[in-house]
*Asks:* 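Please find one structure pasted underneath; my questions will follow.
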Amino acid sequence: MTLYSEALAGEIAAELLHIEAIKISVKKPFKWASGWYSPIYCDNRKSLSYPKLRTTIKNGLAALIKKQFPDVECIAGVATAGIPQGALVADELYLPMIYVRSQPKGHGLGNKIEGAYHKNQKVVVIEDLVSTGKSSLEAVSALREAGMEVIGMAAIFTYGLKVADENFEKAKVPLYTLCNYPSLVKESLASGKINDDELLSLKSWRVDPEGWQ
């Protein structure tokens, strides 16, 4: 996983904290679908309601893709939170946009991938958040099975977990993000959102998220 820009990461972390898209609670942690407990909950969907931040994220993702994946031919959003972000970026880059469902549609054509695409088309996948990478890489698999060439993924935020690094490396998918966990923790401390004791808990969670309590 690679951070696109340290300066932009700090700016986005500050704005996400400001609009309360990120919640920090060490004493009453949040439970993930995996059963893990986390002291941080990140809801990037809220950024869509704030035009300035929404534009910052859109421009950041577009610039990232232009630099790292200049031969991109299509943008794919991952349902559900990656769909609006993907649409914004595709519009900015003037590229075709498709999206990947978590499950095939239960009626009609039963599509898992929605939109027009063709085999060997070079696609960049858009995610809002990467935790373990499981759902993100399931979308990558669906696109590859459809014959598309996934050249990379761009996301707003990643927790930077070791398991995610291993999953993306195994899948051979380059991942670039606008913001990450260290940037968030740094900004949280600087803005007084957390104290030194909470900082230690946040750092220990990232080392062992499965065993942390």
Side-chain angles (χ1 to χ4, degrees), residues 1-47 53 56-57 60-61 64 68 78 80-82 85 102 124-141 152-213:
M1 299 181 189
T2 304
L3 188 66
Y4 176 60
S5 163
E6 289 281 356
L8 183 58
E11 179 184 348
I12 290 176
E15 287 299 317
L16 290 174
L17 286 165
H18 177 68
I19 67 171
E20 298 185 341
I22 292 173
K23 303 285 188 181
I24 300 175
S25 178
V26 174
K27 293 183 178 179
K28 293 183 178 180
F30 307 95
K31 188 175 183 179
W32 286 5
S34 63
W36 292 5
Y37 285 89
S38 170
I40 287 184
Y41 181 77
C42 184
D43 182 9
N44 292 321
R45 295 173 181 84
K46 288 191 71 173
S47 67
L53 177 56
T56 297
I57 290 172
L61 289 171
L64 184 165
Q68 303 298 335
V78 179
T80 57
Q85 302 293 351
S102 57
V124 170
V125 182
I126 300 292
E127 264 286 23
D128 75 318
L129 180 147
V130 173
S131 52
T132 64
K134 180 182 177 182
S135 60
S136 305
L137 292 173
E138 285 176 352
V140 169
S141 295
M153 182 178 296
I156 299 172
F157 180 83
T158 178
Y159 289 101
L161 302 179
K162 182 180 178 181
V163 64
D165 287 336
E166 293 171 348
N167 288 338
F168 275 88
E169 184 177 354
K170 183 178 179 180
K172 297 181 179 179
V173 179
L175 171 64
Y176 289 83
T177 67
L178 299 184
C179 190
N180 61 10
Y181 192 78
S183 299
L184 172 61
V185 171
K186 181 179 179 180
E187 185 59 36
S188 298
L189 186 63
S191 61
K193 298 286 185 181
I194 59 173
N195 57 37
D196 289 339
D197 288 338
E198 290 170 324
L199 175 63
L200 291 175
S201 292
L202 292 172
K203 287 183 175 180
S204 66
W205 174 82
R206 188 163 177 256
V207 173
D208 182 20
E210 187 174 8
W212 183 88
Q213 291 291 338

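Residue numbers count from 1 along this sequence.
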*Asks:* Between Gln85 and Ser47, is a side-chain contact (heavy atoms from CB on, under 4.5 Å) present by the stated rule, with each step listed?
*Replies:* CA-CA 10 Å; Gln85 302 293 351; Ser47 67; 3.6 Å; yes
*Asks:* Can you tell me which residue pairs pass the salt bridge (Lys or Arg N to Asp or Glu O under 4.0 Å) test with a partner in residues 156-185, sequence neighbours excluded?
*Replies:* none
*Asks:* Side-chain contact test, heavy atoms from C-beta onward, threshold under 4.5 Å: evaluate it for Pro182 versus Arg206 and give yes or no.
*Replies:* yes
*Asks:* Check side chain to side chain contact (heavy atoms under 4.5 Å, CB included) between Ala13 and all other residues, then give those that pass, not counting sequence neighbours.
*Replies:* Cys179, Glu187
*Asks:* Which pairs, with at least one residue in residues 167-204 and sequence neighbours excluded, count as a ring-ring contact (aromatic ring centres under 6.0 Å, His included)?
*Replies:* Phe69-Tyr176, Tyr181-Trp205
*Asks:* Go through the steps for Thr132 and Ser34 under the test side-chain contact (heavy atoms from CB on, under 4.5 Å), then give the verdict.
*Replies:* CA-CA 10 Å; Thr132 64; Ser34 63; 5.8 Å; no
*Asks:* Sequence neighbours left out, what passes salt bridge (charged side-chain N to carboxylate O under 4.0 Å, His left out) with Lys46? Give chain and number order.
*Replies:* none
*Asks:* Within the structure provided, determine whether Leu17 and Leu184 are in side-chain contact (heavy-atom separation under 4.5 Å).
*Replies:* yes
*Asks:* Quick check on the 6.0 Å ring-centre criterion: do Trp36 and Tyr159 meet it?
*Replies:* no
*Asks:* Grab the two heavy atoms, one from Pro209 and one from Leu161, that are nearest each other, plus how far apart they are.
*Replies:* CG-CD2, 4.0 Å
*Asks:* Quick one: pull up CD1 in Ile12 and CG in Asn180 and give me the separation to the nearest 0.5 Å.
*Replies:* 10.5 Å
*Asks:* Which heavy-atom pair separates Met1 from Ala164 by the least distance, and what is that distance?
*Replies:* CE-CB, 3.0 Å
*Asks:* Looking only at atom types and distance, does a side-chain atom of Asn167 sit under 3.5 Å from a main-chain N or O of Gly133, one as donor and one as acceptor?
*Replies:* no
*Asks:* Going from CD1 on Ile194 to CG on Leu200, what distance comes out if it is rounded to the nearest 0.5 angstrom?
*Replies:* 9.5 Å
*Asks:* Supply the atom-to-atom distance Ile57 CD1 to Leu64 CG, rounded to the nearest 0.5 angstrom.
*Replies:* 12.5 Å
*Asks:* Of all heavy-atom pairs between Phe157 and Asn44, which one has the smallest distance, and what is that distance?
*Replies:* CB-ND2, 3.8 Å
*Asks:* May I have the step-by-step check of side-chain contact (heavy atoms from CB on, under 4.5 Å) for Thr2 and Thr177, ending in yes or no?
*Replies:* CA-CA 6 Å; Thr2 304; Thr177 67; over 6 Å; no
*Asks:* Is there a side-chain contact (heavy atoms from CB on, under 4.5 Å) between Leu202 and Ile40? Walk through the geometry before answering.
*Replies:* CA-CA 8 Å; Leu202 292 172; Ile40 287 184; 3.8 Å; yes
*Asks:* Kindly compute the distance separating CG (Leu189) from CG (Leu199), expressed to the nearest 0.5 Å.
*Replies:* 5.5 Å
*Asks:* Minimum heavy-atom separation for Met153 to Glu127, with atom names?
*Replies:* SD-CG, 4.0 Å
*Asks:* Just grab all the side-chain hydrogen bond (donor to acceptor under 3.5 Å, both in side chains) pairs involving residues 4-25, residues at least two apart or on different chains.
*Replies:* none
*Asks:* Would you please name every residue forming a salt bridge (charged side-chain N to carboxylate O under 4.0 Å, His left out) with Asp43, sequence neighbours left out?
*Replies:* Arg45
*Asks:* Do you know which two heavy atoms are closest between Ser136 and Leu129, and how far apart they sit?
*Replies:* OG-O, 4.4 Å
*Asks:* Which atom names give the shortest non-hydrogen contact between Ser188 and Ile24, and what distance separates them?
*Replies:* OG-CD1, 3.4 Å
*Asks:* For the CG atom of Leu3 and the CG atom of Leu175, what is their distance to the nearest 0.5 Å?
*Replies:* 10.5 Å
